[in-house]
Amino acid sequence: MYVGVDYYPEHWERKRWATDAKLMKQAGFNVVRLAEFAWVFLEPEEGRFEFEWLDEALAVLRKNGISAILGTPTAVMPAWCARKYPETLALQKDGTRTVWGVRKNNCFSSGAYRLLSERITRAMAEHFADTPNVIGWQTDNEFGHPVCYCPSCREEFQGWLKQKYGTLAELARAWGTHFWGHRVGRWDEVTIPVDGGSHNPGAGLDWQRFFSSLNVRFQRDQVRILRDLCPKHFVTHNFMGLFSDLNYYDLAEDLDFVTWDNYPVWGKPEVRYRSSSAADVTRGLKRKNFWIMEQTAGPGGWGSFGRNPWPGEIRGVAYQQVAHGADGMIWFRWRTCTAGREQYWHGLLQHDGRPLRRYREAAETARELHKLAPLLEGTTVKTDVAMIYDYDSIWALRLQPGFGQNDYHNALHRYYDALQRAGVSVDMVKPGADLSAYKAVFAPDLHVLPDPVARALSDYVAKGGVLVTDCRTGVKDETNLCHARTLPGLLSDALGIAIEEYESIPDGLEFGVKAKTGFAGDGTAVHYADWVTPKGAEVLAGYEHWHLKRFAAFTRNNFGKGAGFYVGAVVKEPAFYDALVAAVLKTARVRPVLRPPEGVETTVRAGRGRRLLFLINHNETPTAVSVPAGKRELLTGKTTGKELALDRFGVAVIRLR
Ligand code: GAL
Ligand code: ZN
């Protein structure tokens, strides 16, 4: 198992490097990530390379048994690049160039930038291919910025569209340019849809896809070189969890495995379900375990900084990720830098460089993880429940949420959090993925629903699956046109309903939701209400307001061997979703190992005949959990009784098998 830190030897005098490496070794760290912002130190002038300092840093680390992941340093362009090739600086919406001196501000279609990126990648790959302690690469850093509006990006967009649609007639059909007379007569008349609120929604969705593809292509150019010259090394990238300006499935495709950067310690302590779902999304990108490339090590902030991770939190936050499938843990950063924009983004060490509390806690965690490693090997999160995670829907909803508060991740979390509270883990899968391994599938806010995906979902239910969908599902096709069908379109049979009308609920209005017999989820509809007419479906909850009394708010339909649930409203109370999840799990015959008490998170990692139950206490108070007795708790080595006491922010790993 690799455990370590993000390290910036270029921030410190050389005579400190040996001390750093020794302290890392003492902490049980065996890996660092290096150099992802060091382009100008590696290529001080165009075409002149200086690797000696990095060779030395790597040698010092190696002496202490520490391996390294090198970043291709293209997230920060050297000053000479901006001076010699000003077109490499992204053009902003207002027509001005980004100013050099920040980071992530290059144009991805600039030929010069692509060549320079290939050159430094090649030079590094050639130089470090056989450095014994280099084990892998991180491409660039946190792809996703900036969006560039320059003429070259516009031309590439036009070319991309031509490739995709072939003819202008097909483009006109796909985007529906009969509206507002937006038909173009030549490809070079196509503009970048700069105004997401006014431009054609089809153009907006394609622009987002195009932007994503530019990043994917830029990475692919680097990956090709790395694969060619460094066949022994892995190639990865540090993703950003629920960040969704790029199609992460595509970005992950060229990599060996995915890593992500996790910074959850901000407000008051609470269950950090957004870090859990982000981990599940990350694991879903390649259906494979992942690493944490940057893990919370201290208070973070660029101007003012946030809360310090309290005693136990550094460990708890790390275990939460292991519980969701992390197989590597790298803390950001080693030592807090005295200079630059991130002076207040604290590392394990403070500015003074002394190994104090945060260092000790990470070291304790590292030691435990090394001990657990042989048992973790070959295991991953095992669950019967999947959720469809879809970038097209996220993007289409950003352009037009329908009802104002329609946020994809909020919708997802209404179900996700209830599942976590029930002790049920989630696999995130892409639309169109094979669902046959799952007893239940949640498809929240699946707004863009191409016909083949709708048919596959329907089929999944027919064959015995349990599907949960909700309002605004299936409104759009893959080009962001509205389906010319009564909602829920091709899902009508599986869900046994028709939605002929619907409405946004303005702030200040609320409609009661009343559960019918057999369902326990009363609540309040806010933001949105579908006027659902059952066509065979059983009504689990209806509306109370006079104008909605005839309609259903929540339904369940038996279809083939399975069942389709439909949630027509946004319900304010989390308890509604708890009741909903209970009903769904019962129908799908999914039984979690245990239902955790409030503030405790649980997952199961299984494989190679082992089953490991993780318990993470996000509470600042000790919490007791009823657990299977007579099993071994791996961190203390003790045998479990019927109840296990978790410390504040405490963690337990119980070997069930
Ligand atoms: C990440 C980034 C790091 C560092 C950190 C704290 O997004 O990858 O380089 O900037 O945030 O700001
Ligand atoms: Zn550009």
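Counting starts at 1 for both ligands and their atoms, in listed order. We count residues from 1, following the sequence as given.
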Hey, are [X] and [Y] close enough for a salt bridge, meaning a charged N less than 4.0 Å from a carboxylate O?
X      : Y      : answer
Asp6   : Arg33  : yes
Glu156 : Arg217 : yes
Lys84  : Glu46  : yes
Glu45  : Arg48  : yes
Glu342 : Arg333 : yes

Numbering the atoms of ligand 1 from 1, which are under 4.0 Å from a heavy atom of [X]?
X      : value
Glu142 : 1 (C), 2 (C), 7 (O), 8 (O)
Asn141 : 2 (C), 8 (O), 9 (O)
Phe37  : 9 (O)
Asp261 : 8 (O)

Can you check whether [X] has an N/O within less than 3.5 Å of an N/O in ligand 1?
X      : value
Glu36  : no
Arg33  : no
Arg333 : no

- Determine, using heavy atoms of Lys104 and all atoms of ligand 1, whether some pair is separated by less than 4.0 Å. no

- Task: Look at the aromatic rings of Trp137 and His233 and report parallel, tilted or perpendicular, splitting at 30° and 60°.
- Result: tilted

- Query: Any idea how Phe218 and Phe108 line up, ring-wise: parallel (<30°), tilted (30 to 60°), or perpendicular (>60°)?
  - Reply: perpendicular

- State which residues pass side chain to side chain contact (heavy atoms under 4.5 Å, CB included) with Asp327; sequence neighbours excluded, sorted by chain then number. Asn289, Trp291, Arg605

- At under 4.0 Å between heavy atoms, which part of Met293 makes contact with ligand 1: side chain, backbone, both or neither? neither

- Check Met240 against ligand 1 and report side chain, backbone, both or neither, counting heavy atoms closer than 4.0 Å. neither

- Item | Closest protein heavy atom (residue, atom, distance) for atom 1 (C) of ligand 1 | Glu294 OE1, 3.1 Å

- Query: SG (Cys150) to the Zn ion (ligand 2) to SG (Cys153): angle, nearest 10 degrees?
  - Reply: 110°

- May I have the angle between Cys107 SG and Cys148 SG with its vertex at the Zn ion (ligand 2), rounded to 10°? 110°

